[in-house]
Amino acid sequence: MAAGGAGYAPELSLPACTQGGEQSLGDFALQAMEGAAGGAMPWTFAQAAKAASPLAVMLGGVKNGIFGIFGLITRPGRLVGALALGCIWAVMAWVRLEGSALPAWLEDVFYSPGGLGRSGLGVLGGWMGQACVGAAWMSISGGGLGDALKGLGGILKKTSDKKSLLVFVLGMAASGLVYWFFTGTGTYTQGMASPAAASALLHLQALGRRRGFLYQWAGAVTSLRQKGGRFLRPGRALSWLSGGAVGSLLIALWAWIG
């Protein structure tokens, strides 16, 4: 394909389809997608859905998060869970500030350090780490483990669009950066395993559900910019999420062992 007009990145050559079992450097195999008739339908660029920009997805996530807080009022079950987590974190923070030691397993399960003892963006990162852990606990209580198990199988599942080994590695690297933001530097200890474990769970759920903020974010950062807008590359989006899940899980194991 020819390059687009001014303001667009050069277009990439996209094959209309690939042979079953094809494998190239940096890519996993491409295989069939089930169509309405139940047959194999390879992915083509003409079938690509439009993707939002990373900035639009981020702003949408912030907006949904704010409205989601107010939405808890209409969902008593989630409201009780959120209040319970808030009380647990408040009590644990008070105990730490008083100089008393907390059981290691409590710090691991609820990520009690959060932003304590940090400054500037470190405080924000700690709070977001606690929010990630809280989201994981709320998801588990809402039956999200089934989606996570589905996502675990989806890591190796073939798709109609190419999966990229490079994007998989980038997803792993991104999970490391997120963990560093959540916990700060030099904190691969048992009490810091929970943010990584929660991140792995949420990535797996996004893989299983194929919707939600993380799935939209993966689609945005791996989208292909062409004349006419951004287009979703499903295989690369799933590669990003798979890398994020595996990277987060490895970090959690490293922190737990350390």
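Values below: every heavy atom of this structure, side chains too, minus hydrogens, waters and symmetry copies. What you are looking at is a predicted structure, and each value in this text was computed from that prediction instead of being measured. Starting from 1, each residue takes its place in the sequence as its number.
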Find out whether [X] and [Y] are in side-chain contact, i.e. whether some heavy atom of one side chain is under 4.5 Å from a heavy atom of the other.
X: Trp240; Y: Leu170; value: yes
X: Phe168; Y: Lys163; value: no
X: Met138; Y: Leu85; value: yes
X: Val57; Y: Val221; value: no
X: Arg233; Y: Ser223; value: no
X: Arg230; Y: Leu224; value: no
X: Pro54; Y: Trp217; value: yes
X: Ser199; Y: Tyr179; value: no

According to a hydrophobic-cluster definition based on side-chain heavy atoms being under 4.5 Å apart (Ile, Leu, Val, Met, Phe, Trp, Tyr only), do [X] and [Y] belong together?
X: Val91; Y: Val133; result: yes
X: Ile88; Y: Trp94; result: yes
X: Met128; Y: Val123; result: no
X: Leu59; Y: Val62; result: no
X: Leu250; Y: Leu156; result: yes

How long is the span from the [atom1] atom in [X] to the [atom2] atom in [Y], to the nearest 0.5 Å?
X: Arg225; Y: Phe231; atom1: CZ; atom2: CZ; answer: 11.5 Å
X: Cys132; Y: Phe181; atom1: SG; atom2: CZ; answer: 12.0 Å
X: Leu241; Y: Arg236; atom1: CG; atom2: CZ; answer: 14.5 Å
X: Leu204; Y: Leu149; atom1: CG; atom2: CG; answer: 8.5 Å
X: Ser164; Y: Leu238; atom1: OG; atom2: CG; answer: 12.0 Å
X: Arg210; Y: Asp147; atom1: CZ; atom2: CG; answer: 12.0 Å

Specify the closest pair of heavy atoms between [X] and [Y], including all atoms of both residues, with the distance to one decimal.
X: Ala197; Y: Ala252; answer: N-CB, 3.7 Å
X: Leu201; Y: Ala148; answer: CD1-CB, 3.6 Å
X: Ile251; Y: Ser175; answer: CD1-O, 4.0 Å
X: Ala200; Y: Leu249; answer: CB-N, 3.8 Å

May I ask you to decide if [Y]'s main-chain N or O and [X]'s side chain share a donor-acceptor pair within less than 3.5 Å?
X: Gln130; Y: Tyr111; value: yes
X: Trp89; Y: Phe110; value: yes
X: Trp137; Y: Val109; value: yes
X: Ser248; Y: Ala245; value: no

In terms of heavy-atom contacts, does [atom1] of [X] have more than 12 from other residues, nucleotides or ligands at under 6.0 Å?
X: Arg209; atom1: CZ; result: yes
X: Trp127; atom1: CH2; result: no
X: Ile140; atom1: CD1; result: yes

**Request:** Evaluate side chain to side chain contact (heavy atoms under 4.5 Å, CB included) for Leu207 paired with Ser242, printing each intermediate quantity in order.
**Result:** CA-CA 7 Å; Leu207 272 168; Ser242 298; 3.8 Å; yes
